[in-house]
There are 2 protein chains.
Amino acid sequence: MAKTIAERSDIIPVLAEIFREHGFEGASLSVITEKTGLGKGSLYHFFPGGKAEMAQAVLTEIDSWFEEKIYRPLREAEDPASAIRSTCRAVADYFNSGRRICLVGAFALDNVRDRFASQINGYFASWITALSSALQRLGHNVEAAMTLAEEAVIAVQGALVIARALNDSALFERAMTRIEKQLTN
Amino acid sequence: MAKTIAERSDIIPVLAEIFREHGFEGASLSVITEKTGLGKGSLYHFFPGGKAEMAQAVLTEIDSWFEEKIYRPLREAEDPASAIRSTCRAVADYFNSGRRICLVGAFALDNVRDRFASQINGYFASWITALSSALQRLGHNVEAAMTLAEEAVIAVQGALVIARALNDSALFERAMTRIEKQLTN
DNA sequence: AACAGAGTTTACCGATAGGTACAATTTGGA
DNA sequence: TCCAAATTGTACCTATCGGTAAACTCTGTT
């Protein structure tokens, strides 16, 4: 019956969705086996460290996605204004207009924060720094760029919280539109 | 040994702190008995519905605190500008400059959201509505007031997420200062 | 064709989860 | 002072938790 089907990298997006839906503690191994279709044996084959290693892998994948699609374009694009615009759209798409939560933000509010502190910290620090870099090249001074970037990332995370609380994806879209305008006006 | 010491209302703030610290799923009965000093017998005497009823009670208490200290002043104060200023300070104090998370926001991102959907929804809806009311009496038209209010509540929640993620309460204070200024400029 | 190792299934473990039952105790009021 | 109700302690229940062990089955390589 056993087949060499799964690869570690195939499972990670599924794990990400599971953690988003159930949280870290709520994602029991039985849920994980059910949704991935993998038994505990396979799971522990790929992730000897258990749930903690699975979550680490998910956070790492999220970080590299953002690095490639958001942070790097913001830092390196020769046209910072259009980079800001297109990464705002990419963020809105990534979070499916507020219907999908930010796993890193959710972990930050959860009691697992300390366990994944450095990844959580790095995620938001990189985001703010990259955005600030684009804003500086857009003409803002260091301080103003930092403030604007901080405000924008705060607004994205806040909008995710409120959109989910009110079950209102239009609210998230409104917020993203305001953020984009505020950054590129 | 049994003493008639505890009252339901005395326990609720302790429960609130426990849920803030451990989340809903993480707040096991053993943690709750330990931190409250009450055995399961007492706990189930006060809250026959178990953990779910405890969380409901906590959410209800939070809602009535905000109703009294934030929403009502915003709706009814004859000086809306100073009401906005003083409720901003009250909010910053309540969240201990970002060191204390918003339980309702955390629940919104958690998988328990559906279970407490109406309380979560009501909390944020009331906040935005009350703030919008004060802004209208300050001279903004209905639409502008609503947008500003939405933006402010989003910023508070976002700042709580980021401040906790970066372990940076100064960031939260900066955000609250900006919010206050933006609402009363 | 056969072997090694990657991948998988199954059965099991101790610990703890939330919850229940009920007897023991304390308390305020008559 | 004594009783009924309020409160608490203890023992116990079943289900599930995360994790382990080891036998098994594929699959690519030679």
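Chain letters run A, B, ... following the sequence lines, proteins first and then strands; every chain starts at 1.
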Anything under 30° is parallel, anything over 60° is perpendicular, the rest tilted; go ahead and classify B/Phe107 against B/Phe24.
->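 Perpendicular.
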So, is B/His45 close to the D/dT8 phosphate, meaning a side-chain N or O under 4.0 Å from OP1 or OP2?
-> no
Is any side-chain N or O of B/Ser30 closer than 4.0 Å to OP1 or OP2 of C/dT16?
-> no
What integer distance in Å separates [X]:[atom1] from [N]:[atom2]?
{"X": "B/Leu43", "N": "D/dG9", "atom1": "CG", "atom2": "C1'", "answer": "13 Å"}
{"X": "A/Leu38", "N": "D/dG18", "atom1": "CG", "atom2": "P", "answer": "16 Å"}
{"X": "B/Tyr44", "N": "C/dT20", "atom1": "OH", "atom2": "P", "answer": "6 Å"}
{"X": "A/Glu34", "N": "D/dG18", "atom1": "CD", "atom2": "P", "answer": "13 Å"}
{"X": "B/Phe46", "N": "D/dG9", "atom1": "CZ", "atom2": "P", "answer": "11 Å"}
{"X": "A/His22", "N": "D/dT16", "atom1": "NE2", "atom2": "C1'", "answer": "15 Å"}
{"X": "B/Lys40", "N": "C/dA23", "atom1": "NZ", "atom2": "C1'", "answer": "17 Å"}
{"X": "B/Asp10", "N": "D/dT8", "atom1": "CG", "atom2": "P", "answer": "11 Å"}

N/O donor-acceptor pair under 3.5 Å between B/Lys51 side chain and B/Ala27 backbone | yes
Any donor and acceptor pair, going by atom type alone, linking the side chain of A/Thr184 with main-chain N or O of A/Glu180 inside 3.5 Å?
->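 Yes: the side chain of A/Thr184 pairs with the backbone of A/Glu180.
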Earlier contact from the 5' end, DNA chain D, for A/Gly41 and A/Gly26 | A/Gly26
Reckon [X] touches a base, only the sugar-phosphate, or nothing at all at heavy-atom distances under 4.0 Å?
{"X": "B/Gly50", "answer": "sugar-phosphate"}
{"X": "B/Lys51", "answer": "sugar-phosphate"}
{"X": "B/Ala52", "answer": "nothing"}
{"X": "A/Ser28", "answer": "sugar-phosphate"}

Quick one: side chain to side chain contact (heavy atoms under 4.5 Å, CB included) partners of B/Ala16, sequence neighbours excluded?
->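 With neighbours one apart ignored, the set is B/Arg20, B/Val58.
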Who pairs with A/Asn167 by side chain to side chain contact (heavy atoms under 4.5 Å, CB included), at least two apart in sequence or on another chain?
->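 Expected list: B/Arg113.
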B/Ser42 has a side chain; which of C/dG19, D/dG9, D/dT20 sits nearest to it?
-> D/dG9
